[in-house]
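The chains referred to below are lettered A, B, ... by the order of the sequence lines, with proteins before strands, and numbering in each begins at 1.
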Amino acid sequence: MIGGLFIYNHKGEVLISRVYRDDIGRNAVDAFRVNVIHARQQVRSPVTNIARTSFFHVKRSNIWLAAVTKQNVNAAMVFEFLYKMCDVMTAYFGKISEENIKNNFVLIYELLDEILDFGYPQNSETGALKTFITQQGIKSQHHTKEEQSQITSQVTGQIGWRREGIKYRRNELFLDVLESVNLLMSPQGQVLSAHVSGRVVMKSYLSGMPECKFGMNDKIVIDKQGKGGSADDAGKSELGGSGKQSIAIDDCTFHQCVRLSKFDSERSISFIPPDGEYELMRYRTTKDIILPFRVIPLVREVGRTKLEVKVVIKSNFKPSLLAQKIEVRIPTPLNTSGVQVICMKGKAKYKASENAIVWKIKRMAGMKESQISAEIELLPTNDKKKWARPPISMNFEVPFAPSGLKVRYLKVFEPKLNYSDHDVIKWVRYIGRSGIYETRC
Amino acid sequence: MTDSKYFTTTKKGEIFELKAELNSDKKEKKKEAVKKVIASMTVGKDVSALFPDVVNCMQTDNLELKKLVYLYLMNYAKSQPDMAIMAVNTFVKDCEDPNPLIRALAVRTMGCIRVDKITEYLCEPLRKCLKDEDPYVRKTAAVCVAKLHDINAQLVEDQGFLDTLKDLISDSNPMVVANAVAALSEIAESHPNSNLLDLNPQTINKLLTALNECTEWGQIFILDCLANYTPRDDRESQSICERVTPRLSHANSAVVLSAVKVLMKFMEMLPKDLDYYGTLLKKLAPPLVTLLSAEPELQYVALRNINLIVQKRPEILKHEMKVFFVKYNDPIYVKLEKLDIMIRLASQANIAQVLAELKEYATEVDVDFVRKAVRAIGRCAIKVEQSAERCVSTLLDLIQTKVNYVVQEAIVVIKDIFRKYPNKYESVIATLCENLDSLDEPEARAAMIWIVGEYAERIDNADELLESFLEGFHDESTQVQLQLLTAIVKLFLKKPTETQELVQQVLSLATQDSDNPDLRDRGYIYWRLLSTDPVAAKEVVLAEKPLISEETDLIEPTLLEELICHIGTLASVYHKPPSAFVEGSRGVQHKRLPARAGSGESTDSPDVSQSVGGATEAAPTVIPSQGDLLGDLLNLDLAPPAAGPTVPPSMQLGAMDLLGGGLDSLMGDDSEAMGAGLGSTPAVMPTSLGAPPVVGGGLGDLFDLGGSVGMPAGAYVPPKSVWLPAMKAKGLEISGTFARRSGVIQMELSLTNKAMSVMTDFAIQFNRNSFGLAPAGPLQVLTPLSPNQTIEVSLPLSTSGPVMKMEPLNNLQVAVKNNIDVFYFSCQYPISLLFVEDGKMERQVFLATWKDIPNDNEAQFVIKDCHLNSDAASSKLQGSNIFTIAKRTVDNQDMLYQSIKLTNGIWVLTELRVQGGNPSYTDLELSVKCRASEVSQFVYQCYELVLKN
């Protein structure tokens, strides 16, 4: 198991050091600093073995978090824990920075004592932790006996992510379908790989212990219902999604509140949600993806000192919809001396520090096209190495889900309190963003 | 006001100031002071001098302050053990506090204080906390048992905490269950033979129930624990798999990987023709792909594991090539791993795409990555014949870039392509020769020299080229020197007239001026060959080379199996067994995949076994014709044992091959997994340059020895003997043996078809026998047994069959059926098969039992001519589950008291007398005491077998 956990600043100074196991000596803190943070050659793996001691590290801005062990630990668990640790810290005091860590070091020690026992991760849900690790200097008497047992039963209980007795005057929930569409296209316009990785983020402000059931236009479910006739009420779309088409989901993963065995057997998504914002599910699709933009590059080398670049972008969605925050990044060689750009729409600028021409368009409707052309002057070099021609990348945001996913319903049942599914106000929003959206040139 | 100020105070006299503040009356000031102390501690300053003052702050109702003091205590208690006692009272008091959070905090902290005196005081509070009404306290106490065990294992056992911990597995709270499982697993790891984690279908069921309810971390503990269980049969295995698969949709990647581990392991037991087996394979792919959208560090862990999974079960991800394409901004560690997997998945179906990608990568910036990409192109050429031409032209394009490291890498792989496809691409040699001067890495130089030597007859100025290398002969690395020697000898054999001088020169350089034994020996061998019989020399040196195989860096199968059992852990990231990087006893246990009910492994990878066959066939064609000569050579003044080192490290060809064969025959009695496993070792390495596999028998023997040394110590398994001769069974010959492996009794059979027609429909049945041995599953011979074919089957046995006393006691009557007839035979099993792993008796119980068994039941035996001392004997016997309880030395005579437990619960107690000081007296005396005295005779037989083998 995890033998110790250290946090360093960018200089390698220790901000937090907590050792859980006797086999981790005091020199371990220094070993990591010397061999990884100060290493002459950049370390090429997130797992490093120094003198039979293994170090796992992640970096957040310029802060290093390192877990150390001498045993054959579950490596995936250690990284998941480090990420979780970052989440918990962010939830408590915001951005992970040297300043914030120093200001909250007592809190961090308290958290580390609670969520890692003898190197074994314990309940690390912020919702539960915040009920008893408060930094208010609480005196033990302040909790009544009932409060205390409520805390402990929540921390250890089956529904460790939600406390009882939550009350809202207005029961409301927000569903965000956030997708990132990834593309790698050849210069000839052939799709080399494309996939959508999506997340359903839920903000729930519901009273009591509500049972929720979430439905979407999952092909497997729709096909099953199709066979069973249209008698099923759930088949009707309830939240405005026109569930005409179904989509094939390659794989999905769920927040720990979702009953996985039920999903496995019936493919239904049922859960008691945490209070507030959390990520309900992640999914991935690869079939029938709507690619919102197509990039058509044309690069011509004119002699050894000049490049001509022309890039056309075409939007490929309903004309009534508007894409936003469009940015096209055209890489330029390292020996670029000057660039002239002409574009029909938006603004384009050559950024020498980033070795790229950045073309920004605020808004663009569907089924339109736009173009940019540039002349790049090159300094003559005697470097034999060819320019690697990194791909042209794109950023954008569109108000639909490129995977085609539609929310069909989200039902809420709270048997003990007197509000019904109809009383809950529900909001659904779709946002499609570019992930790694690249076209080779 | 912020807390960061505590990090900046570094002035002198600080300790005194702090001391004053700690003793202040004001609570706020106290707390501030403690915070300063903790901050100093964090940055590595020694503040242990403040120990008494800090401990004085412990009695407080401010929880935050209390936690800070505890933190300090955990750090410094060990260096101030006497003063740490001062804290005990508060701990004990806190363990009685009405607030469960405080009770848990106290027991959690106490366990972290590694001071003996404190541990004593811990026992009572811990016992209470283990039975606390509040689950939060119980789950903390469960982990505390593991802490205490780490400090004082004996104390934990004596206090009976292990039993309480076991009880917690049935706790109503899932988190308590999870922590109890984690603690027990850890404790069990340091007691490999204890039956601590007594996994049986009931406990497994409890764990599976808790799995659905506990936190993500708890799920990981439980899944990792489940992976250590061996289901009784394929049905149980399937039902566990069914209950684990939902975990594949968990958001936590570690839960997913641990579930994959359980599934990969239990799948081994499922028959391949089962529908469910196919379903499971399909279910595994999507979650593995999803892992690649996690954060980069987790992607790295996932990719290292996928690398193993792809080697074990390539079918799972064969259609998922695209997801392993490298993204421009992947971190380099992810890029390199993806490339590795791309090559493993490359096939005729996807090769065009793969090549296009690799070509892109070869123009990237990172040197390591580019090199690997170039190498990958070469490997594709060798793996997929249809693509070879395109690969070669891609490589030539890359050579034209003149980027130094690209050129060198390309030449190394082109050499392998030449070997794989002789007489096809030699036209490119001219282009390669142009780049001779730019090669500065040994591997590339050696490859180029090999090409020049091999195709000397087509290269007009081959002698000049080689001569130019010869000038700096002594500055070259061994790899290049060896290659140069061989290449010049080849050249001489091809163009004897012009190159006599050159060959003289290189031979004298190699034999007289070099102090490298490998080089000298190879030089001598060539020299003698050339002077004795040039025709023979030609046959040896220019012999047809065995084909190279496409799989170059596959992980050795037994290691792969072990690593599959460690999916998700560090071992799977390092691709090394835990024993390679974990100190002490924890890593020593080797995990193995469970044996499949029947054998199907040999048909699993026909292409691999074929390539091995090809290699072993190729070797003999060289050796027989030269056998005599070689024999003479080795018997001359070169001492025969020196034959070993004559294989230079680069020449793994012969070595690997012989090693494979040697081990195969050595371990022939092992299960089929082993045999098939070794079969797929990379029999022939492309790196083995053209040197002929000169050394035969001698080396074989040598490696045989090596193999036996490396065998894991364990229960002795007698070699197979023929149980049913072919004459009696219409051509079916059965030989076999029995083995006990990690608690599972196995009957290992070799079925040989000596008849003319194909045999199918095998089945097996046992007659009632003394210990109720019965097949635990059907005899799985999935493929028909064709004439002259032998198939290895391992049949797991249970002891739950009907019982009838046999004569002799260990006799077993077996019926085997096939499509031709039913055949009967009987065989005798060593009774050690029935010695169970938890046969270690408590000392006290042993004494009492020994007295309790009537003296009439004692039998005396003598084991003659055994040269073991008592310790060696004890450890040997332990391997067969004969446990030494105590040792006494009287008059130079060691007496070992040992206990054995049989599967039916019968205990056997023995006393073994070993003469310590007198080497001439080698007889051991054995007394056996058992309530069922008829087994004594057979126990004695086991002792003989084990001690003498």
Thinking salt bridges, do [X] and [Y] make one under a 4.0 Å N-O criterion?
| X | Y | answer |
| --- | --- | --- |
| A/Arg60 | B/Glu295 | no |
| B/Lys139 | A/Asp117 | no |
| A/Glu114 | B/Lys67 | no |

Need one label for [X]: side chain, backbone, both or neither, based on atoms under 4.5 Å from any heavy atom in chain B.
| X | value |
| --- | --- |
| A/Glu98 | neither |
| A/Arg18 | side chain |
| A/Phe6 | neither |
| A/Lys84 | side chain |
| A/Leu192 | both |
| A/Arg284 | side chain |
| A/Phe263 | side chain |
| A/Tyr20 | neither |
| A/Ile436 | side chain |

Check your understanding: After noting the C-alpha distance and the side-chain angles of B/Met175 and A/Gln122, does the key distance pass the side-chain contact (heavy atoms from CB on, under 4.5 Å) rule?
Key -> CA-CA 9 Å; B/Met175 195 159 176; A/Gln122 305 292 308; 3.6 Å; yes
What part of [X] lies closer than 4.5 angstrom to a heavy atom of chain A: side chain, backbone, both or neither?
| X | value |
| --- | --- |
| B/Lys147 | both |
| B/Ile151 | neither |
| B/Glu337 | neither |

Practice item. Could you tell me the separation between the OG atom of B/Ser249 and the CE atom of A/Met281, rounded to the nearest 0.5 Å? Key: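 It comes to 9.0 Å.
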**Study point:** Atom pair CE/OG of A/Met1 and B/Ser185 - distance to nearest 0.5 Å
**Key:**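 Nearest 0.5 Å value for the CE-OG distance: 8.5 Å.
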Point to revise | Steps toward side chain to side chain donor-acceptor pair (under 3.5 Å) verdict (B/Thr569, A/Asn72) | key: CA-CA 6 Å; B/Thr569 68; A/Asn72 181 31; 3.2 Å; yes
Sort out for me which of [options] touches chain A most, counting heavy-atom pairs under 4.5 Å.
| options | value |
| --- | --- |
| B/Val301, B/Thr140, B/Leu105, B/Val143 | B/Val143 |
| B/Cys144, B/Pro135, B/Ala251, B/Ala356 | B/Ala251 |
| B/Leu257, B/Val573, B/Asn75, B/Leu65 | B/Asn75 |

Looking at [X] and [Y], what are the two nearest heavy atoms and their distance?
| X | Y | result |
| --- | --- | --- |
| A/Asp251 | B/Pro287 | OD2-CA, 3.2 Å |
| B/Ser258 | A/Asn74 | OG-ND2, 3.1 Å |
| B/Asn212 | A/Ser261 | OD1-OG, 4.0 Å |
| A/Tyr120 | B/Ala182 | OH-O, 3.4 Å |
| B/Phe221 | A/Met77 | CE2-SD, 4.0 Å |
| A/Thr152 | B/Pro100 | CG2-CG, 3.7 Å |

Flag the pair [X] / [Y] as yes when at least one side-chain heavy-atom distance between them is below 4.5 Å, and no otherwise.
| X | Y | answer |
| --- | --- | --- |
| A/Phe118 | B/Arg108 | no |
| B/Val323 | A/Thr286 | no |
| A/Leu184 | B/Tyr328 | no |
| B/Tyr574 | A/Ser54 | yes |
| B/Glu297 | A/Glu80 | no |
| A/Arg52 | B/Phe581 | no |
| A/Tyr109 | B/Tyr70 | no |

Exercise for review: Tell me, yes or no, whether the heavy-atom count around B/Lys322 atom NZ, taken from other residues, nucleotides or ligands under 6.0 Å, exceeds 12.
Suggested key: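 Counting neighbours around NZ of B/Lys322, more than 12 heavy atoms of other residues, nucleotides or ligands fall under 6.0 Å, so yes.
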**Study point:** Of B/Arg247, B/Lys283, B/Arg243, the residue whose pairing with A/Asp264 passes salt bridge (Lys or Arg N to Asp or Glu O under 4.0 Å)
**Key:**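 Of B/Arg247, B/Lys283, B/Arg243, salt bridge (Lys or Arg N to Asp or Glu O under 4.0 Å) with A/Asp264 is met by B/Lys283 alone.
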Practice item. Walk me through it: do B/Thr290 and A/Tyr283 pass the test side chain to side chain donor-acceptor pair (under 3.5 Å)? Key: CA-CA 8 Å; B/Thr290 298; A/Tyr283 55 92; over 6 Å; no
Review point. Are side-chain N/O atoms of B/Trp217 and A/Ser124 paired as donor and acceptor at under 3.5 Å?
Key: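 Short answer, yes.
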Point to revise | Full working for side-chain contact (heavy atoms from CB on, under 4.5 Å) between B/Asn252 and A/Gln256 | key: CA-CA 8 Å; B/Asn252 186 315; A/Gln256 57 169 325; over 6 Å; no
Exercise for review: Any chance you could lay out the side-chain contact (heavy atoms from CB on, under 4.5 Å) test for A/Glu13 and B/Val43, step after step, and finish with the verdict?
Suggested key: CA-CA 8 Å; A/Glu13 291 164 354; B/Val43 296; over 6 Å; no
Exercise for review: Under the salt bridge (charged side-chain N to carboxylate O under 4.0 Å, His left out) rule, what do B/Lys78 and A/Asp22 come out as? Steps first, then yes or no, please.
Suggested key: CA-CA 10 Å; B/Lys78 215 173 158 189; A/Asp22 203 39; 3.1 Å; yes
Exercise for review: Show the numbers, then the answer: is there a side-chain contact (heavy atoms from CB on, under 4.5 Å) between B/Tyr333 and A/Val47?
Suggested key: CA-CA 10 Å; B/Tyr333 52 82; A/Val47 186; over 6 Å; no
Practice item. Might you work through the salt bridge (charged side-chain N to carboxylate O under 4.0 Å, His left out) test for A/Glu110 and B/Lys35, ending with a clear yes or no? Key: CA-CA 12 Å; A/Glu110 202 177 333; B/Lys35 278 189 186 179; over 6 Å; no
